[in-house]
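The analysis underlying the following values was restricted to heavy atoms, covering all of them including side chains, and did not include hydrogens, waters or symmetry mates. A, B, ... follow the sequence lines: proteins, then strands. Residue 1 opens every chain.
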Amino acid sequence: MKSQFRIYNTLSRQKEDFEPLNPPFAGLYVCGPTVYSSPHLGHARVNIVFDVLYRYLKQLGFRVRYVRNITDVGHLENEEADTGEDKISKKARQEHLEPMEIVQKYMNSFHRNMKELNTLEPDIEPRATGHIIEQQQLISRLLEAGIAYESNSSVYFDVNKYNEEHDYGALSGRVLEDLMSNTRELEGQDEKRNVYDFALWKKASPGHIMKWPSPWSVGFPGWHLECSAMSMKYLGEPFDIHGGGMDLIFPHHECEIAQSTAALHRQPVKYWVHNNMITINGQKMARSLGNFITLDELWSGDHEMLERAYEPMTIRFFILQAHYRSTLDFSNEALQAAEKGFKRMMEAIDKLDALKTGDKSTIDVDDLSGKAYAAMNDDLNTPVMISHLFDGVRMINSVFDGNEKISAEDLGKLKDLYGTMVFDILGLKKPGKAGADTGLTAGLIETLLELRRQARDNKDFATSDRIRDRLTELGVTIKDTKEGTDWTL
RNA sequence: GGUCGGUUGGCCGAGUGGCUAGGCACCGGUCUGCAAAACCGGGUACAGCGGUUCGACUCCGCUACCGACCUCCA
């Protein structure tokens, strides 16, 4: 009864059945960060989206190899012009550090943030500087194929020539003639045959720090090259899924397709998957626009746009409550709504162990489960899946309150469903008992609640309310239930 | 200017040619010593104008507004 998993392919502009090239294996490559500054909300989105894809493919039984690169060289501020400076070199100069110190620093914070967001580590995390040889080999292949040319000791990709046999623009929906008339003329492009030709290898200018020897010059690889070289090295020629943010479709992924197709004489990737952007006041959030919020700022609340701090799991839930191909607008209000909803769901899950079972169920767990999987199979529709889980939350609460009944068998299924969907696939986790660092805190609270219970038994509500109010002030929330008093920090 | 996408109720955000998205907020009720939580119930929606259709928020066209890409960006 399991429906087929379908995913939207940017290349075909439609949802397609997911059928890997070599089942049960599935290869997934995602463009990782250029490590020159702190990860922001946008990085959270891509990596959470593809983390969920990775988790879901594994759940479906595929043996997945997840490769996510670290760009630590070659990413220029202005790709086409001579004035373009390597982002990492520039940052190194600004912070008076070695380029590799910059790389290490921001790679570390990226890893820390991803761990905080509970994303699984990729199986392979290749770095561009560790694959200079592979990139040079790919350049050689392209030169031999006559699709690349050397000019003034740099090597460029001949887009015009490529387009004679292939379709440059297939992914982004662009037409070469349009690009010709629309691409900006920039300084220092004399080396290239055409403005839209892109660099495979660039000769290092005097003073350039990050450089390597090559048959053409002492220099460095072009940005688009690393992903082609590393994805094919670790996932094969061709491979299954290539992911990234929508903003990478052009030129980055278009160029990747061109390079790889020219080298392979066939399409390098079966499914191209792209997530949409996070917006802020309707505008894209990006480092280059200066309107971004870093993840550390979210955790601390230290940003002028933040009313207060937010937990990593709130961010994760917030992101998953929107479909990955829609834009998602940031606001404090939306974040706080996500936070409350997430809390409600977690509290319902906590109640699962306390549910009393009966002979027959008055709720339909199989139906709920079927709907949840159907939503995931429909292009990873996490918001709809979550809406079904909330229907389930109402069921759980109703059973808890004695308004509905559940059989032992169905309860088992329900626990299984939430365990799989919420923790394994959505990758959410229960908030740590922050503050309850030792048994001491818990013991003190329990003692006060015991005193409050006595006061209530004696109808001394002034005392019982005072205890409750004081605990509330300290951040302890009290919930009176039939079974006694529950508390959370 | 070119290409593509969007416009859903107070906010976020799904979806469908006719049948409840969901979350948060709000209102009423049940429960409770009171409150919180939970449960039950409630209301407001599909940018505008035409067209197709028995019927459109959903398809088509036009208009308005917003955004993305065309430089680097997740």
Side-chain angles (χ1 to χ4, degrees), chain A residues 13 30-34 39-50 75-81 84-85 87 169 172-175 177-179 181-184 186 196 223 243-252 254 274-279 282-289 292 317-318 321-323 325-345 347-348 351 371 375 378 381-391 393-394 396-398 400-404 456 459-461 464-465 468-469 472 477-482 485-486 488:
Chain A
R13 284 150 218 283
V30 177
C31 287
T34 300
H40 57 69
L41 205 43
H43 293 100
R45 189 170 198 194
V46 210
N47 290 290
I48 286 170
V49 163
F50 288 100
H75 203 157
L76 304 188
E77 293 243 291
N78 194 335
E79 188 72 29
E80 305 304 328
E85 185 174 9
K87 286 165 181 280
S172 56
R174 269 155 234 269
V175 180
E177 286 74 48
D178 295 342
L179 286 172
S181 55
N182 285 319
T183 305
R184 288 196 312 188
L186 295 168
Y196 40 76
W223 173 44
M246 268 184 189
D247 49 350
L248 295 181
I249 291 174
F250 192 91
H252 186 52
E254 196 71 72
H274 295 94
N275 64 280
N276 215 320
M277 305 289 101
I278 286 190
T279 58
Q283 230 195 3
K284 176 179 152 183
M285 178 181 290
R287 273 196 291 235
S288 54
L289 296 176
F292 64 92
F317 193 72
F318 169 67
Q321 267 198 306
H323 186 81
R325 286 194 289 115
S326 301
T327 54
L328 171 58
D329 203 51
F330 162 88
S331 70
N332 281 281
E333 203 179 356
L335 242 42
Q336 284 163 28
E339 184 178 78
K340 284 203 161 188
F342 176 61
K343 183 165 170 259
R344 195 158 91 88
M345 182 171 288
E347 286 176 353
K351 283 183 191 165
K371 284 177 179 168
D378 182 18
N381 200 330
T382 53
V384 168
M385 202 272 266
I386 289 171
S387 81
H388 294 311
L389 292 179
F390 273 113
D391 290 339
V393 165
R394 186 165 299 116
I396 292 166
N397 285 327
S398 294
F400 188 78
D401 284 1
N403 297 325
E404 301 277 2
R456 290 177 71 203
K459 308 259 187 235
D460 179 7
F461 297 123
S464 74
D465 286 354
R468 183 175 64 196
D469 292 345
T472 302
T477 308
I478 289 174
K479 235 189 278 183
D480 290 327
T481 68
K482 288 165 213 151
T485 302
D486 199 12
T488 47

Does [X] reach a base, just sugar-phosphate, or nothing at all? Heavy atoms under 4.0 Å.
| X | result |
| --- | --- |
| Met345(A) | nothing |
| Pro39(A) | nothing |
| Ala322(A) | sugar-phosphate |
| Asp465(A) | base |
| Thr472(A) | nothing |
| Met277(A) | base |

[atom1] spacing across the pair [N] / [M], given as an integer number of angstrom:
| N | M | atom1 | value |
| --- | --- | --- | --- |
| C57(B) | G17(B) | C1' | 10 Å |
| G43(B) | G10(B) | C1' | 12 Å |
| A21(B) | A64(B) | P | 32 Å |
| G22(B) | A14(B) | P | 15 Å |
| G9(B) | G48(B) | P | 10 Å |
| C46(B) | C34(B) | P | 41 Å |
| U16(B) | U58(B) | P | 13 Å |
| G23(B) | U32(B) | P | 26 Å |

Does a side-chain heavy-atom distance below 4.5 Å link Met345(A) with Ile386(A)?
yes

Looking at every heavy atom in both [X] and [Y], which two are closest together, and how far apart are they?
| X | Y | answer |
| --- | --- | --- |
| Arg287(A) | Phe292(A) | CA-CD2, 3.3 Å |
| Val393(A) | Ala348(A) | CG1-CB, 3.7 Å |
| Gly282(A) | Asp329(A) | N-OD1, 3.1 Å |

If each of Asp378(A) and Ser331(A) is mapped to the nucleotide of RNA chain B with the nearest heavy atom, which maps nearer the 5' terminus, i.e. the 5' end?
Ser331(A)

The residue, Leu41(A) or Phe461(A), whose nearest nucleotide of RNA chain B is more 5′ is Phe461(A)

[X] [atom1] - [N] [atom2] separation (whole Å):
| X | N | atom1 | atom2 | result |
| --- | --- | --- | --- | --- |
| Asn403(A) | C39(B) | CG | C1' | 6 Å |
| His252(A) | C69(B) | NE2 | C1' | 15 Å |
| Asp401(A) | C40(B) | CG | P | 9 Å |
| Tyr196(A) | U71(B) | OH | P | 13 Å |
| Asn275(A) | A68(B) | CG | P | 15 Å |
| Asn276(A) | C4(B) | CG | P | 17 Å |
| Leu389(A) | G13(B) | CG | P | 19 Å |
| Lys87(A) | C72(B) | NZ | P | 9 Å |

Which of the following nucleotides, [options], is nearest to the side chain of [X]?
| X | options | result |
| --- | --- | --- |
| Lys351(A) | G33(B), A38(B), C69(B) | A38(B) |
| Asp329(A) | C40(B), A74(B), G13(B) | G13(B) |
| Arg174(A) | G33(B), C69(B), C72(B) | C69(B) |
| Lys479(A) | G13(B), A74(B), A36(B) | A36(B) |
| Ser464(A) | C12(B), A37(B), G33(B) | G33(B) |
| Val46(A) | G2(B), A74(B), C69(B) | A74(B) |

Examine the base of [N] for any acceptor or donor lying under 3.5 Å from a partner atom in the side chain of [X], and report the outcome as yes or no.
| X | N | value |
| --- | --- | --- |
| Asn381(A) | G15(B) | no |
| Arg468(A) | A35(B) | yes |
| Asp486(A) | A37(B) | no |

When Watson-Crick pairs (N1 to N3 and N6-O4 or O6-N4) and G-U wobble pairs (N1-O2 and O6-N3) count only below 3.5 Å on both distances, what is the dot-bracket string of RNA chain B, with | for other-strand pairs?
(((((((..(((.....[...))).(((((.......)))))....(((((..]....))))))))))))....

Test ring-ring contact (aromatic ring centres under 6.0 Å, His included) applied to Phe318(A) - qualifying residues, sequence neighbours left out
none

Set of residues satisfying ring-ring contact (aromatic ring centres under 6.0 Å, His included) with respect to Phe50(A), sequence neighbours excluded:
none

Given protein heavy atoms under 4.0 Å, the one-letter contact record of nucleotides 20-28 of chain B, with B base, S sugar-phosphate only and - none, is simply -BSBSS---

Excluding sequence neighbours, so at least two apart, what forms side-chain hydrogen bond (donor to acceptor under 3.5 Å, both in side chains) with Asn403(A)?
none

Taken in chain and number order and not counting sequence neighbours, the residues that satisfy side-chain hydrogen bond (donor to acceptor under 3.5 Å, both in side chains) with Asn47(A) are Arg68(A)

His388(A) side chain vs Met385(A) backbone, donor-acceptor pair below 3.5 Å
no

Applying side chain to side chain contact (heavy atoms under 4.5 Å, CB included), run through Lys343(A) and Lys340(A) and close with a yes or a no.
CA-CA 5 Å; Lys343(A) 183 165 170 259; Lys340(A) 284 203 161 188; 5.6 Å; no

To the nearest 0.5 Å, tell me how far Leu335(A) CG sits from Phe317(A) CZ.
12.0 Å

Would you call the rings of Trp223(A) and His252(A) parallel, tilted or perpendicular if under 30° counts as parallel and over 60° as perpendicular?
parallel

